[in-house]
Amino acid sequence: MIINRTIKKELEAALNNPDRKVIILYGPRQAGKTTLIEMLLTQELSYKKYNGDDIFTQNIFSNNNLENLKREIGEKDLLIIDEAQRINNIGLSLKLIIDNLPIKIIVSGSASFDLADKVCEPLTGRTKTFWLYPLSLKEVKDKIPQMENDKIIEEILLYGMYPKIWSIDEKKEKKDYLFEYINNYLYRDILTISKIKKPKKIIDLLTLLALQIGSEVSVSELAQNTNLTQSTVENYLDVLEKMFVIFNLRGFSRNLRKEISKTSKYYFFDMGVRNALIRNFNSLSIRNDTGSMFENWVISEKIKKSNNNREFSNFYFWRTYDQQEVNLIEDSKGKITAYECKWKKDIKKVPSDWKKTYPQSKFNLVNKDNVFEFLS
């Protein structure tokens with residue numbers, strides 16, 4: 001199944017811009033970075049492609065020797081390096097190339113902190129950055145018109161939005177792929193990160209987070225349950241965010257003294273990965289976490305939509321000490337919009353303190369019956 005990604009047009013524009021910059025594409029493994037880059041290639045464009053996982057590639061681009069780089073690249077129009085974070089000194093090599101050769105460059109990476117550390121300083125002002133997450137609803141909806149909306153939602157909430165999932169028909173194969181993703185791709189990436197000294201502990205940490213989606217997270221409690229120090233847990237959480245496994249929402253506070261602002265909620269970018277961690281692919285009709293799964297999915301879709309449209313927003317949750325709460329707050333271009341996500345249709349009213357404190361904000365109730373309209 002060929003799926004056009006929303007950010008493709010923006011990437012094409014960056015690639016064709018005469019003001020040449022190194023294009024950086026971040027995203028988790030298996031999100032479709034390589035496929036997307038291949039879709040940008042045309043017959044008129046000669047290119048050379050490398051993979052940073054390969055030792056030969058690492059040797060070529062870690063020595064920072066301009067003459068060797070010229071001989072290797074030749075007179076190609078485009079240089080592509082996948083998993084570039086694996087290469088030592090890659091930023092210096094890219095600077096030498098972009099400053100001395102008339103060539104366009106695309107590099108991709110599955111660990112944003114690692115690649116950013118290596119390219120940002122040498123290439124200050126010479127990069128254009130994009131993020132590719134697992135598929136969005138908009139990207140898959142027109143590919144599955146034969147499925148009823150409830151069936152589509154169930155597929156998404158159980159098996160997630162990685163491209164491979166949408167090319168597999170059998171449920172068992174989908175589960176096998178997700179278990180393989182955790183045990184191979186995710187675990188392997190964790191092993192390569194020097195600051196992760198106990199990789200099995202980070203999987204334990206992820207599993208605890210998977211059981212707490214939609215709830216405020218106590219770092220000290222996570223530390224106690226994993227037998228890690230609090231600073232280690234904070235470090236691991238930061239790494240997992242920058243590996244695009246989880247994302248963090250902080251409490252929103254502007255005016256009201258009783259608003260909670262110093263706690264966090266953690267959600268997963270992909271529900272299939274989350275369910276594989278807790279080994280639960282039961283039907284939504286017999287689960288007790290369907291509501292929190294739906295909340296997680298809607299919030300992740302909003303973040304993907306903001307990123308894909310390059311209309312970057314800040315996202316929060318809102319709660320007061322007397323338990324008034326809203327699942328998602330979007331702060332964009334000076335406007336504040338609130339979203340309450342409920343699996344079933346709800347007549348819940350706008351929290352009184354929210355209405356009083358932010359009278360100019362817009363409030364939306366999102367449920368399984370209106371979610372497609374809302375996300376489109």
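The first residue of the sequence shown is numbered 1, and numbering continues consecutively from there.
- Of all non-hydrogen atoms in Pro28 and Ser110, the two that sit nearest each other are C-CB, 4.3 Å.
- Within the structure, the salt bridge (Lys or Arg N to Asp or Glu O under 4.0 Å) test picks out the following pairs touching residues 152-165 (sequence neighbours left out): Glu155-Lys174.
- Counting only N and O atoms by type, the side chains of Asn63 and Asn65 include no donor and acceptor under 3.5 Å apart.
- Side-chain atoms of Asp353 and Gln324 include a donor-acceptor pair closer than 3.5 Å.
- Looking at Leu205 and Leu240, their side chains come closer than 4.5 Å, going by heavy atoms from C-beta outward.
- In this structure, Asn184 CG and Leu186 CG are separated by 10.0 Å, a value rounded to the nearest 0.5 Å.
- Taking a cutoff of 4.0 Å between a charged side-chain nitrogen and a carboxylate oxygen, Lys49 and Glu38 qualify as a salt bridge.
- Side-chain atoms of Trp343 and Ile153, non-hydrogen and from C-beta on, do get closer than 4.5 Å to each other.
- Crowding of Phe281 atom CZ: a count of heavy atoms from other residues, nucleotides or ligands under 6.0 Å exceeding 12.
- A search for side chain to side chain donor-acceptor pair (under 3.5 Å) contacts involving Lys171 returns nothing, not counting sequence neighbours.
- Under the side chain to side chain donor-acceptor pair (under 3.5 Å) criterion, Tyr162 pairs with Tyr181, sequence neighbours left out.
- Side-chain contact between Phe363 and Val326: present, with at least one pair of heavy atoms (C-beta onward) separated by less than 4.5 Å.
- Take Tyr316 and apply the ring pair (Phe, Tyr, Trp, His ring centres under 6.0 Å) test, not counting sequence neighbours, and it matches Phe252.
- Checked against the 6.0 Å centroid threshold, Phe130 and Tyr26 do not count as a close aromatic pair.
- Both the sub-6.0 Å distance and the 45° axial angle are satisfied by Arg279 relative to the ring of Phe179.
- With sequence neighbours excluded, no residue forms a ring pair (Phe, Tyr, Trp, His ring centres under 6.0 Å) with Tyr177.
- For the pair Glu12 and Lys9, the salt-bridge criterion is not met [side-chain N within less than 4.0 Å of a carboxylate O].
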Can you check side chain to side chain contact (heavy atoms under 4.5 Å, CB included) on Leu277 and Leu209, steps first, answer last? CA-CA 10 Å; Leu277 283 162; Leu209 292 175; over 6 Å; no
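- Ion pairing of Lys175 with Glu173 is absent here, as no side-chain N (NZ or NE/NH1/NH2) approaches a carboxylate O to less than 4.0 Å.
- Judged purely by distance below 3.5 Å, without hydrogens or angles, the side chains of Thr6 and Glu139 pair a donor atom with an acceptor atom.
- When the shell of 6.0 Å around CD of Gln224 is examined, it contains 12 or fewer heavy atoms from other residues, nucleotides or ligands.
- No donor-acceptor contact under 3.5 angstrom links the side chains of Asp204 and Thr226, judged on distance only.
- Among pairs with a residue in residues 323-339, those fulfilling salt bridge (Lys or Arg N to Asp or Glu O under 4.0 Å) read Arg254-Asp331, Lys302-Glu330, at least two apart in sequence or across chains.
- Residue pairs meeting the salt bridge (Lys or Arg N to Asp or Glu O under 4.0 Å) criterion with at least one partner in residues 283-292, sequence neighbours excluded, are Arg274-Asp289, Arg287-Asp289.
- Listed by chain and residue number, Tyr339 satisfy the ring pair (Phe, Tyr, Trp, His ring centres under 6.0 Å) test with Phe374 (two or more places apart in sequence, or in another chain).
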Decide salt bridge (Lys or Arg N to Asp or Glu O under 4.0 Å) for Glu301 and Lys304; before the verdict, give the C-alpha distance in whole Å, the side-chain angles of both, and the deciding distance to 0.1 Å. CA-CA 5 Å; Glu301 283 290 319; Lys304 284 187 279 188; 3.2 Å; yes
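- Taking 4.5 Å as the limit, every side-chain heavy atom of Asp270 sits out of range of all side-chain heavy atoms of Ile165.
- In this structure, the side chains of Glu221 and Asn225 come closer than 4.5 Å at one or more pairs of heavy atoms.
- No side-chain heavy atom of Asn275 sits less than 4.5 Å from a side-chain heavy atom of Leu178.
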Set out, in order, the CA-CA distance, both residues' side-chain angles and the distance that settles side chain to side chain contact (heavy atoms under 4.5 Å, CB included) for Val371 and Phe294, then state yes or no. CA-CA 10 Å; Val371 67; Phe294 180 74; 4.0 Å; yes
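- Taking the side chain to side chain donor-acceptor pair (under 3.5 Å) definition, one finds that Asp54 meets it with Thr57, sequence neighbours left out.
- Contacts of Asn149 classified as side-chain contact (heavy atoms from CB on, under 4.5 Å), with partners at least two apart in sequence or in another chain: Lys141, Ile152, Phe372.
- Shown here is Ile55, whose CD1 atom has no more than 12 heavy atoms of other residues, nucleotides or ligands within 6.0 Å.
- Partners of Tyr266 according to the ring pair (Phe, Tyr, Trp, His ring centres under 6.0 Å) rule, which considers only residues two or more places apart in sequence or in another chain, do not exist here.
- Annotation: the span from Ile303 atom CD1 to Leu328 atom CG amounts to 7.0 Å, rounded to 0.5 Å.
- We find that Glu216 and Arg319 are joined by a salt bridge, their nearest charged nitrogen and carboxylate oxygen being less than 4.0 Å apart.
- In this structure, the separation between CD1 on Ile81 and CD1 on Ile24 is 11.0 Å, given to the nearest 0.5 Å.
- Residues Asn17 and Lys128 fail the side-chain proximity criterion, which asks for heavy atoms closer than 4.5 Å.
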Evaluate the side chain to side chain contact (heavy atoms under 4.5 Å, CB included) criterion for residues Trp318 and Tyr358: first the C-alpha distance (whole Å), next the side-chain angles of each, then the deciding distance (0.1 Å), finally the verdict. CA-CA 12 Å; Trp318 179 82; Tyr358 306 102; 4.1 Å; yes
Determine, stepwise, if the pair Gln360 / Ile336 fulfils side chain to side chain contact (heavy atoms under 4.5 Å, CB included). CA-CA 8 Å; Gln360 302 303 316; Ile336 299 172; over 6 Å; no
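- Between Tyr133 and Phe244, the ring planes lie perpendicular to each other; the angle is over 60°, past the 30° to 60° tilted range.
- In this structure, Lys265 is positioned above the aromatic face of Phe317, its NZ or CZ under 6.0 Å from the six-membered ring centre and within 45° of the axis.
- Donor-acceptor pairing under 3.5 Å is recorded for the side chains of Glu72 and Tyr50.
- Looking at Glu180 and Tyr185, their side chains never bring a donor and an acceptor atom within 3.5 Å of each other.
- Between Thr337 and Ser332, the closest side-chain pair of non-hydrogen atoms is not below 4.5 Å.
- For Lys201, the NZ atom is densely surrounded, since the number of other residues' heavy atoms within 6.0 Å is greater than 12.
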Let me have the donor-acceptor pairs involving side chains of residues 96-109, under 3.5 Å, with sequence neighbours excluded, atom names and distances please.
{"residue": "Asp99", "atom": "OD1", "partner": "Arg126", "partner atom": "NH1", "Å": "2.7"}
{"residue": "Asp99", "atom": "OD2", "partner": "Lys95", "partner atom": "NZ", "Å": "2.9"}
{"residue": "Asn100", "atom": "ND2", "partner": "Leu96", "partner atom": "O", "Å": "2.8"}
{"residue": "Lys104", "atom": "NZ", "partner": "Leu15", "partner atom": "O", "Å": "3.1"}
{"residue": "Ser108", "atom": "OG", "partner": "Asp82", "partner atom": "OD1", "Å": "2.3"}

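- For the atom pair NZ (Lys305) and OG (Ser136), the distance works out to 9.5 Å, reported to the nearest 0.5 Å.
- In this structure, CD on Glu170 lies 10.0 Å from CD1 on Ile168, to the nearest 0.5 angstrom.
- The pair Asp369-Lys342 does not count as a salt bridge, with every side-chain nitrogen at least 4.0 angstrom from each carboxylate oxygen.
- Annotation: the span from Ile203 atom CD1 to Leu208 atom CG amounts to 11.5 Å, rounded to 0.5 Å.
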